[in-house]
Amino acid sequence: MTTNGSKPSTIPIVDFGEFNDSSPAATRQQIARDLVRACREVGFVYIVNHGVPADELAKAFAVSQHFYALPLSEKMKAPHPPGWEVHRGYSWPGLEKVSNATAGAGDDTEATSKLVEQMRSVQDFKESYEIGSEHDPDMPNVWPPDDVYPEWKPFMTSFYWTCFGAAKKVLRALALGIGLSDEEELVRQHSGHYNQLRLLHYPPIPARVLEDGRMERMPAHSDWSTITLLFQDDVGGLQVESPTEPGAFIDVDPVDGGMLVNIGDLMMRWSNDYLKSTPHRVTLPPLQDRYKGQERVTRARYSIPYFLTTDPEEEIACLSVGEGEKPEYEPITRREYYAMRAKMQY
Ligand SMILES: O=C(O)CCC(=O)C(=O)O
Ligand SMILES: [Fe+2]
C-alpha cells in the first residue's frame, strides 16, 4: 500500500510514433489493437509521441500557472455563469462539485435539490477554467478583459485546436482497433466545436484535511466525454479504479511526455459497452517528497484535461462491435444526454 491507500499497478503505454499515413497497414493495425485493448481492460492508456509539441505543452502549464497566481479579484473577472447551461470561465474553489449522479429527465424535485446540497457539504478544493470553441453557439466562452492577462485568450484558443488534432488521431486508431470499416467514422461526428479544454489547479493543502474527509481534491467520477486527453504535472495523486478489483484504486504515475487518454461515458455507450469508462479521482500524492513541513502541506498540482464530444444533434446509436451483440441503449443525441447529466453538477 502506498500513502494514499492505493494498490500499485500500471497504465498501459502505447507509442503513436508510427501511427501515420506513411506507416504500413499492419503497423497501424497493431497500434490500434493495443490502444483498444487498453481501453477495454483499463479504460485509461498513456500515449507517447502523441503529436502535441512538448514546447507548446510546457507553455500551456506555464500560462495556466500564471493565470492561477493572479489575485482572486482578477480571476473573478471571468466568472463561471450561474447554473449548468454554460460551463465556461473561472470556477473558484468550492463552486463545482464533481459527482456521478444522473438526474432523470424532468427531475427538478425538492429531493434533487436536497441531494445536491448534501453533496456540497464536502468541498472540492480546486479551481478550474473551462474553454470551448469560439464557434460553439450553446456555450459562449467567458474571457477576462484583455488587460487581466493578455496572453490567456490567444494561447488557449490555439492550444484548444492543437489538442483536437491529437484527439482525432486517437479517434481514428479507436475506429480501426474496434474493427469499423471506415477509419473516419468516429471523427465524422466530432466537428471539434463542442470540446472542452479545462485548466485545473489544486492549491496546496495540509494532508490531514483530505485524510479527514473535510475536503476533497476531486472525488471519484467518470467523464461524460467520448474520450478525454489529460496532461498532468509531476505531482501525482490521480487514481483510477483497478481493472481487477472494483472499488480499489490504482495510482496513475505521471509519465514524462505522456498523454493520458481515457474513455468517457458517451463513448462507452456508443460502443455498446465494448470500451470502458473508468471511475477516477484525485487525492493525495503518493510520494512523500510532495509534502512540506509538519502540516504535510502537499504541493500545488496542475492538470489539463481536454474533453471531446460529438456535435449536439448527432445521434449516438450503438456501433455494432463484437459478434452478434444487441444494442444495449436507445439512440440519443449528445444534447439530450448531457442535459440529463448536467443537472446534478451545479
Ligand atoms: O486533475 C486530474 O488529473 C483529473 C481531472 C479529471 O478527472 C476531470 O477533470 O474530469
Ligand atoms: Fe475526469
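Read the numbers this way: they start at 1 and go in the same order the structure lists the ligands and their atoms.
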| message | Between the side chains of E134 and K153, is the shortest nitrogen-to-carboxylate-oxygen separation below 4.0 Å, so that they form an ion pair? | response | yes
| note | A correct count of protein N/O/S atoms found below 2.8 Å of the Fe ion (ligand 2) gives 3
| request: Compute whether any side-chain donor of one residue and acceptor of the other, for T27 and E18, lie under 3.5 angstrom apart. | output: no
| task | Among T310, D311, D136, find the residue that satisfies the side-chain hydrogen bond (donor to acceptor under 3.5 Å, both in side chains) test when tested with S191. | result | D311
| message | Taking non-hydrogen atoms within less than 4.0 Å of ligand 1, which protein residues qualify? | response | R198, L200, Y202, M218, H221, D223, L230, L238, H280, V282, R301, S303, P305, F307
| Of W152, Y302, Y149, which meets ring pair (Phe, Tyr, Trp, His ring centres under 6.0 Å) against Y129? | W152
| query | Taking only residues two or more places apart in sequence, or in another chain, which ones meet M76 in a side-chain contact (heavy atoms from CB on, under 4.5 Å)? | reply | L72, Y90, W92
| said: Tell me if the centroids of the rings in W224 and Y338 come within less than 6.0 Å of each other. | reply: yes
| task | Output yes when D233 and R299 qualify as a salt bridge under the 4.0 Å nitrogen-oxygen rule, no when they do not. | result | no
| task | Keeping the roles fixed (side chain from N195, backbone from T309), state whether a donor-acceptor pair exists under 3.5 Å. | result | yes
Only pairs under 3.5 Å count here: list side-chain donor-acceptor contacts from residues 165-173, not counting sequence neighbours, and write none if there are none.
unit_1	atom_1	unit_2	atom_2	d
K169	NZ	F19	O	3.4
R172	NE	E184	OE1	3.4
R172	NE	E184	OE2	2.7

